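Reading through the structure tokens given below for one structure.
Treat the numbers as computed from the prediction; the structure is a model and nothing was measured. FYI, the numbering just counts along the sequence from 1.
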Amino acid sequence: MNEETQEFIIIGENGQEQTCRVVFTFDAEEKSYVLFSLIDEKGHEIPGDISAMTFDYDDNSGEMINLQPVETDAEWEMINEVVLTLLDEFQEEPQLITVTNEDGTDQVCEVIHTFASEQFGKSYVLYVAVSDEPMEERDIFAAQYVPGPDGTIEDLLPIETDAEWEFVEDILNDL
């Protein structure tokens, strides 16, 4: 692992090397876990693509060794609980965007998730209208977007193909 940038390399299912960036590590149930994001060829994190593995600490160097896949559904459930707890504790103010409706009126919306697709070479956003309704009762909308230099959403564009819609729906179903 590169200690300065907190990056390491794993071998993917296709046999190719994949650079990963440490999001955070934690210990639970006598194991150590690392949550990490995948890094594209340009050195940028692939938004929305976070995974986890178990590891051991090398007592001499302090580095992560023996990276192994998470083995059980119970471990994944525990990891999800840890992530959700951390997100609740450190949740930032919601990212708001203004969307112009078909009738030309502006609607303030809250971004609930952004992600990118290497297959389509595009970035996507899932959002809901700001309201007092509980989140689970609001309609979720999707669009592709043009990211600004700081990762903000500069412009919304329609999703163009059925294949893209299937990809977006798969991401939504995984949330």
> So Thr98 and Asp106, side chain to side chain donor-acceptor pair (under 3.5 Å) or not? Walk me through it.
Replying inline: CA-CA 6 Å; Thr98 301; Asp106 287 342; over 6 Å; no
> Could you go step by step and tell me if Phe141 and Val99 meet the side chain to side chain contact (heavy atoms under 4.5 Å, CB included) rule?
Replying inline: CA-CA 11 Å; Phe141 301 96; Val99 177; over 6 Å; no
> Where do Gln6 and Met64 land on the side chain to side chain contact (heavy atoms under 4.5 Å, CB included) test, with the steps shown first?
Replying inline: CA-CA 10 Å; Gln6 295 283 312; Met64 294 186 311; over 6 Å; no
> Going through the distances and angles, do Val82 and Phe24 end up as a side chain to side chain contact (heavy atoms under 4.5 Å, CB included)?
Replying inline: CA-CA 11 Å; Val82 169; Phe24 70 93; 4.1 Å; yes
> Step by step, would you call Asp170 with Phe167 a side chain to side chain contact (heavy atoms under 4.5 Å, CB included)?
Replying inline: CA-CA 5 Å; Asp170 286 344; Phe167 170 75; 5.7 Å; no
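Minimum interatomic distance between Arg138 and Ser131 (heavy atoms only, all atoms of both residues): CD-OG, 3.5 Å. What you find for Pro69 and Met53 is that their closest heavy atoms are N-CE, 3.9 Å. In terms of heavy-atom proximity, Tyr57 sits nearest to Asp27 at CE1-OD1, 4.3 Å. Residue Glu45 comes nearest to Ser37 through the heavy atom pair OE1-OG, 2.9 Å, listed as atom of the first residue, atom of the second, then distance. The nearest pair of heavy atoms linking Pro147 to Glu154 is C-CG, 4.3 Å. Between Ala28 and Met78, the shortest heavy-atom contact is CB-SD, 3.8 Å.
Relative orientation of the Phe120 and Tyr124 rings is perpendicular, given thresholds of 30° and 60° on the angle between their planes.
At most 12 non-hydrogen atoms from other residues, nucleotides or ligands lie less than 6.0 angstrom from CG of Asp132. More than 12 non-hydrogen atoms from other residues, nucleotides or ligands lie less than 6.0 angstrom from CD of Glu136. More than 12 heavy atoms of other residues, nucleotides or ligands sit less than 6.0 Å from atom CD of Glu137. When the shell of 6.0 Å around CG of Asn173 is examined, it contains more than 12 heavy atoms from other residues, nucleotides or ligands.
Within the model, atoms CD of Gln18 and CG of Leu38 stand 4.5 Å from one another, a figure rounded to the nearest 0.5 Å. Asn60 contributes atom CG, which lies 9.0 Å from atom CD1 of Ile65 (distance to the nearest 0.5 angstrom). Atom OG1 in Thr19 sits 7.5 Å away from atom CD1 in Ile39 (nearest 0.5 Å). We find the CZ-OG distance between Phe36 and Ser51 to be 4.0 Å, quoted to the nearest 0.5 Å. Between atom CD of residue Glu164 and atom CD of residue Glu169 there is a gap of 12.0 Å, rounded to the nearest 0.5 Å. Once rounded to the nearest 0.5 Å, the distance linking CG of Leu67 with CD1 of Ile11 reads 11.0 Å.
Asn101 contributes no side-chain N or O that, together with a main-chain N or O of Gly104, makes up a donor-acceptor pair within less than 3.5 Å. The backbone N or O of Val70 lies less than 3.5 Å from no partner atom in the side chain of Glu75, so there is not a single donor-acceptor pair.
Residues Val128 and Val125 do not share a hydrophobic cluster, defined by chaining ILVMFWY side chains whose heavy atoms lie under 4.5 Å apart. The cluster map of Ile, Leu, Val, Met, Phe, Trp and Tyr, joined by side-chain heavy atoms under 4.5 Å apart, puts Ile159 and Val146 in different clusters. Using a 4.5 Å cut-off between side-chain heavy atoms of Ile, Leu, Val, Met, Phe, Trp and Tyr, with links allowed through other members, Leu96 and Tyr127 fall into different hydrophobic clusters. By the criterion of side-chain heavy atoms lying less than 4.5 angstrom apart, applied directly or through intervening Ile, Leu, Val, Met, Phe, Trp or Tyr residues, Ile153 is not grouped with Leu126; the two fall into different hydrophobic clusters. Criterion: ILVMFWY side-chain heavy atoms under 4.5 Å apart, direct or through other members. Under it, Met135 and Ile97 are not part of a common hydrophobic cluster.
A centroid separation of 6.0 Å or more is found between the aromatic rings of Phe55 and Tyr33.
A salt bridge links Arg21 with Glu7: the closest approach of a Lys/Arg side-chain nitrogen to an acidic carboxylate oxygen falls below 4.0 angstrom.
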